[in-house]
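For ligands, and for the atoms within them, numbers begin at 1 and follow the listed sequence. Predicted model only: the values in this text are computed from it and were never measured.
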Amino acid sequence: MILDLINKKRLGKELSYQELDYFFNGYLNGDVADYQMSAMLMAICINGMSDEETFALTKVFIDSGDILDFSDLPGVKVDKHSTGGIGDKTTLVIVPIVAACGGTVVKMSGRGLGYTGGTIDKLESIPGFRVDLSDEEIIKQVHDIGLVVTGQTADLVPMDKVIYSLRDVTSTVSSIPLIASSIMSKKIAGGADKIIIDIKVGNGALLTRRDDAKKLSDLMIRIGKYYNREVRTIISDMNTPLGYAIGNSVEVLEAMDVLKGIEKNNTFVDLCYELASNMVSMCLDIPISDALKKVKKSIQDLSAYHKFEEMVHAQKGDLSKIKVSSKEYILKAPYSGVIKKINALELGKLSQSLGAGKVEIQDKIDYTVGIRLHKQVGDFVKEGDALATIFYNKSLPSIDFNNIYKFD
Ligand code: URA
């Protein structure tokens with residue numbers, strides 16, 4: 001039976017719900033071996049899946065663990081997911097904005113394995129910040145202040161954890177039906193009424209082609225319809241890092257600057273506004289143009305920043321103790337020109353080698369290291385101008401300017 005199913009998928013045929021359930025749950029309980037699941041994943045990767053198969057696989061994933069129910073909490077619960085990228089600290093900005101605009105946000109975020117930390121690692125760079133709230137604490141905090149960002153409490157979609165680890169080492173991560181079922185199962189099991197997905201495309205992202213990002217977007221919207229969840233998507237660039245900071249505490253500080261209105265008029269701020277206004281529009285059921293006005297007002301009157309402070313305070317973090325390493329290296333322009341390209345992937349690798357991201361799951365993140373860019377794509381720089389500050393601790397990795405920057 002196991003081999004028959006692998007063969008069926010290898011031949012590009014459709015698997016039924018029962019067959020997917022049998023095969024994937026067989027893997028979870030040890031009846032299907034790693035090499036057999038690897039062959040199945042590769043067959044899916046090469047031959048794709050029909051919508052019916054993808055909906056069925058999403059159900060198998062959802063049912064593999066707990067399903068959260070926040071229906072007792074007031075308001076529409078909107079969740080956001082990003083397919084990940086370098087310098088992506090949007091959650092830290094948009095969750096307080098949405099709460100300041102009257103929305104309710106329960107955000108369960110993850111840690112990073114890769115170039116930089118995940119949202120939870122970034123929040124842990126605020127000394128004392130608790131990311132292990134119990135269900136009761138989550139519900140109390142949302143009742144009190146309207147927002148919470150914490151690590152996963154329940155055992156949500158354990159199937160995704162094992163399958164994702166195998167995809168990572170079998171070159172099957174970029175399969176569109178596998179990405180869609182992985183993300184959508186977590187959002188649905190996490191109790192979201194409505195969902196916004198930020199699909200990254202570019203050399204620092206899972207998907208490098210815009211037409212693949214569009215296919216993923218359409219598929220996730222169809223999964224949402226099937227499961228009766230409104231899904232909106234944004235396709236955003238990940239060839240260039242998002243914003244100016246890459247790391248953990250440096251990213252928290254940048255998010256705070258955006259919330260205080262100090263950092264504005266750049267592509268990161270634009271993306272935050274676009275995501276936040278979609279979330280507010282979904283939460284309050286208002287047109288996006290009205291939601292955008294509310295979002296901008298929450299920055300101008302500092303209500304979004306105050307929501308962030310309230311959340312940090314409620315979760316026992318101390319913003320006055322946030323630390324960035326005092327060991328700095330200034331990367332200077334070797335000649336004059338206009339910056340044509342800043343390579344997100346190379347800066348991600350640099351940030352990881354500084355210690356801001358993990359290589360192995362057991363590695364410890366250094367919250368204080370990272371990169372702060374001073375210039376963006378399109379800026380003119382003179383020879384000797386500071387392009388970036390590298391905050392390091394142990395030793396400074398070698399930095400190849402030509403790998404990171406292209407000048408006109
Ligand atoms: N993010 C996820 O959660 N799952 C994927 O498969 C890809 C990105």
Side-chain angles (χ1 to χ4, degrees), residues 20 24 27 37-38 40-42 44-46 48-49 53-55 57-62 64-65 68 79-91 107-121 149 151-152 154-192 195-209 212-224 227 229 231 233-238 242 275 344-345 348 357-358 361:
L20 289 165
F24 278 76
Y27 182 60
M37 182 52 94
S38 305
M40 175 61 91
L41 293 172
M42 188 53 84
I44 292 173
C45 210
I46 292 170
M49 279 184 140
E53 281 179 298
T54 313
F55 301 158
L57 187 62
T58 306
K59 178 162 169 50
V60 171
F61 271 50
I62 294 171
S64 69
L68 300 182
D79 201 352
K80 168 254 171 189
H81 189 88
S82 158
T83 58
I86 313 301
D88 189 352
K89 74 286 292 175
T90 44
T91 294
K107 180 92 191 80
M108 306 231 172
S109 290
R111 294 185 186 279
L113 175 65
Y115 300 125
T116 50
T119 300
I120 288 300
D121 301 305
V149 182
Q152 229 170 262
D155 195 13
L156 289 186
V157 197
M159 183 79 77
D160 185 60
K161 294 192 187 91
V162 291
I163 296 295
Y164 199 91
S165 310
L166 198 58
R167 283 168 60 203
D168 219 10
V169 292
T170 53
S171 200
T172 52
V173 168
S174 57
S175 152
I176 290 171
L178 292 178
I179 298 176
S181 45
S182 158
I183 293 176
M184 291 301 294
S185 59
K186 284 180 284 192
K187 298 292 106 180
I188 294 169
I195 300 155
I196 179 135
I197 319 266
D198 179 14
I199 303 172
K200 302 282 185 209
V201 59
N203 81 349
L206 277 184
L207 298 178
T208 49
R209 291 161 37 143
D212 283 340
K214 174 80 176 88
K215 280 187 201 147
L216 178 62
S217 157
D218 293 346
L219 180 55
M220 289 199 289
I221 290 169
R222 291 199 297 276
I223 298 176
Y227 284 97
R229 302 290 197 289
V231 176
T233 61
I234 285 172
I235 297 177
S236 63
D237 176 77
M238 191 30 76
L242 206 48
L275 286 165
L345 181 62
K358 296 181 186 185
I361 200 87

Next item on the list: List every atom of ligand 1 that sits less than 4.0 Å from any heavy atom of His81, numbering the atoms from 1 in the order shown and giving each element.
Entry: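 Contacts of ligand 1 toward His81, numbered from 1: 1 (N), 2 (C), 3 (O).
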Margin query: Any nitrogen or oxygen of Ser182 lying under 3.5 Å from a nitrogen or oxygen in ligand 1? Just yes or no.
Written below: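 Yes, at least one N or O pair falls under 3.5 Å.
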Check: Based purely on interatomic distance, does Tyr164 place a nitrogen or oxygen under 3.5 Å from a nitrogen or oxygen of ligand 1?
Finding: no
Next item on the list: Starting at OG1 of Thr233, measure out to CD1 of Ile197 and round the result to the nearest 0.5 Å.
Entry: 8.0 Å
Item checked: Distance, nearest 0.5 Å, that separates CE of Met220 from CD1 of Ile195 ->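 It is 9.5 Å, given to the nearest 0.5 Å.
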Note to self: Which option wins on minimum heavy-atom distance to atom 6 (O) of ligand 1: Arg167, Lys200, Met184?
What the structure shows: Arg167
Check: Does a side-chain N-to-carboxylate-O contact under 4.0 Å join Asp155 and Lys161?
Finding: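 Here Asp155 pairs with Lys161 in a salt bridge, since their nearest N and O are under 4.0 Å apart.
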Check: If you measure from the Lys or Arg side-chain nitrogens to the Asp or Glu carboxylate oxygens, is any gap between Asp218 and Lys214 under 4.0 Å?
Finding: yes
Next item on the list: Identify the heavy atoms of Thr91 and Lys80 that sit nearest to each other, and give their distance.
Entry: OG1-NZ, 2.9 Å
Margin query: Tell me the protein heavy atom at minimum distance from atom 3 (O) of ligand 1, and give that distance in Å.
Written below: Lys186 NZ, 2.4 Å
Note to self: Counting only heavy atoms closer than 4.0 Å, does ligand 1 sit against the backbone of Leu206, its side chain, both, or neither?
What the structure shows: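 Side chain only.
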